[in-house]
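Worksheet: the structure to be examined is printed underneath.
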Amino acid sequence: MLKEGPYNPIESEKAMLNFWLDNKFYKPEFDPSVDKVKTTEEMKSDIREAWALICPPPNAYARPHIGNISGYAYQDAMARYARMQGKKVLVMPGKDHAGLEGEGVFVREVLEKQGRNKFEMKREDFYKEMMEFFLKNIDIAAKDEREIGLSADFDRDTFTLDPNIVETVLNTFVEMYKDGRIYKGVRIVNWDPKARTAVADNQCLREERDGKIYYIKYLVKDDSTNNQEPATRNYVTVATTRPETMFGDTAVAVNPKDPRYTDLVGKTVIIPLINIEIPIITNPKVLTDFGTGVLKITPAHAQDDYQIMQEWNAANPDKKIGYRNVVSQELKLVGTVPTKFKGRKYKEALPEIIEDLKTIGQFDHEEIIKQNILITERTKAVVEPLMSSQWYLKYDGLKEAAIEMVKEGSVQIHPDNMVQKFNHWMDNLRDWAISRSLWWGYRLPVWYGGKVTEEINEEGQVTEYIEIDGNKEVLDYSNPDHLKVQKENPTQSENSKLKTQNWYQDENVLDTWFSSGQWVYATLTKYDLMDTFFPTTVLVSASDILENWDSRMMMFTYFKDKKEPFKNLFLTGIVLGKDGQKMSKSKGNVLDVDQIRNEYGSDALRMAYFYQNSAGGSYVISPDKLKNFKQFNNKLWNAAKFVLQDFDTTTYNPQPTTLKLDLSKQIIEHITSVKEKVTKNIDNYEFGYATETLYDEFWHKFCDELIELSKKHTNSVRNKETNEIISEPNIDEKNEMKNVLIYTIKEYTKMLHPFIPFITETIWQEMPKREGDFRSLMYTKW
RNA sequence: GGGCGCUUAGCUCAGCUGGUUAGAGCAUCUCGUUUACACCGAGGGGGUCGGGGGUUCGAAUCCCUCAGCGCCCACCA
C-alpha cells in the first residue's frame, strides 16, 4: 500500500536507492531476463544491444552545488530509457584530479590555511598529502551522484590518477612522440609567476584596469646603401604599455595601408638606450587609429607580437626577424638590457628607464588608459608572456579527422547549432603546449642524461643545456644520450652504459586535458570493455567544454583507434541562479544540494533540470520551480493512490482491450498519443518537451479531466445532507474503469521514470504486474 | 573586432517547417470543493510578441535595420 498523506521524498528516495544498489541493477552485468548479475564474460556475449555512456569526471576537490550536478540528471535519464528498451547499459563514473586547478585549490584551501608553502615540501610528500585530500573529496562526490539517482556502475568508479589510466596516458605520450606529433620547442608561453608554470590561453581571464601608455621616440636610421629615398623624418614615435620590454624589440610594424608611414617601410630604427638596429616591417593587424600607428614588436613578451613575427618570417624567409627574451621567469631584466638594469626586477627599474629616456630626449609623453590585463583563472596573477621551452602537440591530421567525424555524422552534436561553434574552434587550433610546471598530475615520461638548465644568454636567446660528466653542452633533443622518451627509468634497463649514467626525469606534468582527452578508451581499456562498449553511445557534457574536452577526446581517440569516441554528443546548458547569472560560489547565487534535496526531493530537482529546457540552453533554477515540481510529484502520488484504492485485484486485466465505456476508449487513446509523443521527444534528445508533455497531459488532461469523469463509474453516489449512499456503481463498469486507469498510470510511471526515478519506482512497487513487467521499473519494457 | 544566441503576461519560459480570438507554470483576484490531492479544482484580469521597415491574402514565426543583453573567440600595442 502507498502511504497515507503527502509524498515523502526523503523516505522513498532512501529506500529506492538501496533497492537499486543492493540488487546491482546499475551494472551492465545485470540481466532482467534471468533476474541476476551475470559474469562479465556472460554479459559480453549476451544478445542485448550494448549502450554506453562514460560520465565526465567531476573535479574532486570540493562539494558540488546543484549546477555542478545537473549533468547527472541527463546522463541518467538517457541510461534509464536505454535499459527500459532492453539494452545492456554501461554508465561509467569517474573523478578528475583537475591538474592546475586541483593543485591550486589544495595549495589555497589546505596548505596556505595551515601557513605552509608548497616549495618547502618534498615533491613526494606533497603528492601524497594531495592524494589523501582528493580521496576524501571523491567519497563526497560519489555520494552526491548516488543520491541524485545516477544509475552508474559504481564498482567501476575510476580516478584519473588510477595506475591503469596513468599507464594508458603515458603510453599515448610515448606513441605520439615516436610519431613526431609531440616535440619540444622554445615558444612564447603565458607564464604564471605565482604558480611558476605556463598556463593555457583558455585558463586566463581578461580584466580591465587603469594603466599607463608611454610614447617613446625611436630614431630612424638613414640607410643610403640600398638606393632608397632618404627618410622624411628622423624619428618615429611608438606607443607602449610595457616600455621595459623595448630592449627585446626585434622590429617595429606599421599597417601597409597607412599613408603616414609608407616612406619608412624597409628602413630601420634604433632602440633607445641599447642602440640595437631593428627593421620597420608591415602587418595588416596594426591599427592605424590607435596610438601612433607604429607598433613595437617584442615577440618574446607579447602573444600578438610573436604572432606577427611568425607571419612576417613566413612571408619573408630572407628577412626573418627573431626574438630577444629580456624578462626572466623571476620577472628580472636579462639579456640585451643596459648593464645597470641587469638582474633587477623590471617593475623597480621602470621609473629609471623612463628617466633615462627623458635625459636623452626620446621620451615623448604618457597617458592614462584603460587596458585589458590577462590574469590567470586560478592564482589571479598577471600573466607574463615570455619564452620558454615547452612540450607541444601537433594536431595535424587529428583535427581534420575530428572535423570530418562531425561533418559526415559519425559524431552527432545536439543541439546542431553547436556544430558551428565546434568548427570555428577547430579551424583556429594551433599547436598545444601540453607541459605544466606542477607536481599534481602525470609526470612526463621523459628522461635526460644529465642535469638540464634553461638559460637566457647575452643575446636574449633561450637555450637548454645539459651537463653530463661535468661537460655542459647544448641539449640536443635528437641525441639518445641526452634525452629519452619512455615510461621506465633508463637505469632500470639491461644496457650497462645506461645503467651507470645519471638520468633525470623531466619535472613537468601533463596538462589535464591531455589525460581527459583519453578518458573514454582509457577507462574502457582498464575494465577490458573496449570490445563491447566502444565507441560509446553518447557523451553528455556541459556546453562550455565542447572545445577543451569533447573535441580533444575525438582527436585522441582517432589517434589511438581511428574511430570516434562517441556517436552522439549532447551538450547541457548552464544552470543559472535566481539572478540570471551562472551559478557559482563566487557570485553567491548557489543553491546547496543537501538543502534542496531535503526540502523538495531529488526528483523535484531533476524535473527542474529538464522541464522546458533545450539542449545547450542555460536555465534558471529557483525555489518557485522546485516547489512546483514537488507539487507535481505529490499529484502523481495522490493519483496513484486514488487509482489503486478500492481495486479488486482478482479482476486485474493487464491489457484492457474489449472496452464498453466511451470514456475507457478515450483514456486509452489519450495515453497512446502521449506515449507516441514522449517517445519521439526522447529519441530526439528533446527532454524539455518530453517533460513538458508529461507534466501537462498528466496533470491537466488525465487528472483534471479524465479521472474526474471516471468517478461516475467508480464511485457511489451519496446524499449530500445525510451522506447516505443513494446508488452503488455498476460493478462491471467499475472494474473496466479501474483497469483502464491502472493501465494508464502504469504507462505514466514508466514514461516519467527516466526523469523522476525515485517516486515512480516507489509507486511501481505497489502496482499489479503483468507478464513482462519487471520487479523494478528500471528494467520494465518501455 | 569576429562568431553564436537571446529579447513573448509582474516573474520563469513554450510557441517545432508563416494559417482561426498568442499559450503554460508561478504570482494575483473571484468562486468552489473536504468520498485521491488546500502540495486541490473552475474561472477572471493581465501581452500593440524589444523599436522601425519589408516580403505575403496572412508575420511572434521569413528578410533587412536599429537598440539592449548573454556566451564564446580575438591582435587595441
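Below, read A as the first sequence line, B as the second, and so on, with proteins coming before strands; counting in each chain starts at 1.
Distances shorter than 4.0 Å separate none of the side-chain N or O atoms of A:K627 from OP1 or OP2 on B:rG25. When the side-chain nitrogen and oxygen atoms of A:N423 are compared with OP1 and OP2 of B:rG3, none of them lie within a distance under 4.0 Å. Note on A:K711: a side-chain N or O is less than 4.0 Å away from OP1 or OP2 of B:rA36.
A distance of 9.5 Å separates OH in A:Y685 from CG in A:L569, rounded to the nearest 0.5 Å. Taken from OH in A:Y323 to OH in A:Y306, the straight-line distance is 8.5 Å, to the nearest 0.5 Å.
For the side-chain contact (heavy atoms from CB on, under 4.5 Å) criterion with A:F632, the lone passing option out of A:I759, A:L694, A:L752, A:D603 is A:L752.
Side chain of A:K625, nearest nucleotide from B:rA24, B:rC37, B:rU12: B:rU12. The side chain of A:N628 lies closest to B:rG25, out of B:rC40, B:rA77, B:rG25. Of the candidate nucleotides B:rA14, B:rC39, B:rA36, B:rC39 has the atom lying nearest to any side-chain atom of A:P6. In this structure, of B:rC75, B:rA77, B:rA36, it is B:rA77 that holds the atom nearest to the side chain of A:T241.
Protein atom CE of A:M426 is 16 Å distant from nucleotide atom C1' of B:rC72, rounded to whole Å. We find that CD of A:E599 is positioned 14 Å from P of B:rC39, with the value rounded to whole Å. Summarising the geometry, the separation between OH on A:Y7 and P on B:rC40 is reported as 17 Å, rounded to the nearest angstrom. Summarising the geometry, the separation between CD on A:E708 and P on B:rC37 is reported as 11 Å, rounded to the nearest angstrom. For the pair A:D696 CG and B:rA24 C1', the interatomic distance rounds to 6 Å; values are reported in whole Å. Atom-to-atom, CG of A:D364 to P of B:rA77 comes out at 18 Å; the value is rounded to the nearest Å. Across the protein-nucleic acid pair, A:M309 atom CE and B:rA77 atom P stand 20 Å apart, rounded to whole Å. When the C1' atom of B:rA24 is taken as reference, atom CZ of A:F698 falls 17 Å away, rounded to whole Å.
Residue A:G601 is out of contact with every strand shown, counting any heavy-atom pair closer than 4.0 Å. Using a 4.0 Å heavy-atom cutoff across all strands shown, A:L644 reaches no nucleic acid atom at all. Residue contacts for A:N634: at a heavy-atom cut-off of 4.0 Å it reaches a base atom on one of the strands shown. Using a 4.0 Å heavy-atom distance criterion, A:Q307 is classed as making no nucleic acid contact.
Nucleotides B:rG32 and B:rG70 are separated by 48 Å at their P atoms, to the nearest Å. For the C1' atom pair drawn from B:rU20 and B:rA60, the interatomic distance equals 16 Å after rounding to whole Å. Of the C1' atoms belonging to B:rG46 and B:rG5, the separation is 29 Å, rounded to the nearest Å. Between B:rG43 and B:rU55, the distance separating the two P atoms is 42 Å to the nearest Å. Nucleotides B:rG23 and B:rC16, compared at atom P, are 14 Å apart to the nearest Å. As rounded to the nearest Å, B:rU7 and B:rC49 have P atoms that lie 14 Å from one another. Comparing the C1' positions of B:rU12 and B:rA27 gives a spacing of 11 Å, expressed to the nearest Å. B:rU48 and B:rA42 have their P atoms separated by 28 Å, with the value rounded to a whole Å.
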* Asked: Would A:Q303 and A:N190 count as a side chain to side chain donor-acceptor pair (under 3.5 Å) if you check the C-alpha gap in whole Å, the side-chain angles of each, and the deciding distance to 0.1 Å?
  -> CA-CA 8 Å; A:Q303 293 279 359; A:N190 296 318; 2.8 Å; yes

* Could you check A:Q765 against A:E761 for side chain to side chain donor-acceptor pair (under 3.5 Å), going step by step and ending with a plain yes or no? => CA-CA 6 Å; A:Q765 296 306 311; A:E761 180 76 286; 3.0 Å; yes

* Passes side chain to side chain donor-acceptor pair (under 3.5 Å), A:T245 versus A:K296? Steps please. -> CA-CA 10 Å; A:T245 65; A:K296 71 187 206 55; 2.8 Å; yes

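Between A:Y74 and A:F687, the ring planes are perpendicular. Angles over 60° get that label, and only those under 30° would be called parallel. In this pair, A:Y652 and A:F647 present their aromatic rings perpendicular. The plane angle is above 60°, beyond the 30 to 60° band. Ring geometry, A:H670 versus A:F702: the interplanar angle falls under 30°, so the pair is classed parallel (tilted spans 30 to 60°).
Heavy atoms of other residues, nucleotides or ligands lying less than 6.0 angstrom from NZ of A:K217 number more than 12.
Heavy-atom distances to RNA chain B give each of A:C703 and A:Q631 a nearest nucleotide, and the one nearer the 5′ end belongs to A:C703. Of the residues near RNA chain B, A:D305 and A:F632, the one whose nearest nucleotide (by heavy atom distance) lies more toward the 5' end is A:F632.
Using a 4.0 Å cut-off between a side-chain N of Lys or Arg and a carboxylate O of Asp or Glu, A:D648 and A:K738 do not qualify as a salt bridge.
Helical stems involving RNA chain B, defined as 3 or more consecutive Watson-Crick or G-U pairs under 3.5 Å, span B:1-7 with B:67-73, B:10-13 with B:23-26, B:28-32 with B:40-44, B:50-54 with B:62-66.
Because its NZ or CZ atom is not both nearer than 6.0 Å to the ring centre of A:F698 and within 45° of the ring axis, A:K675 does not count as a cation-pi partner of that residue.
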Listed pairs, N/O of protein and of nucleotides 41-47 of chain B, under 3.5 Å:
unit_1: B:rG41; atom_1: OP1; unit_2: A:W699; atom_2: NE1; d: 2.3
unit_1: B:rG41; atom_1: OP1; unit_2: A:D704; atom_2: OD1; d: 3.2

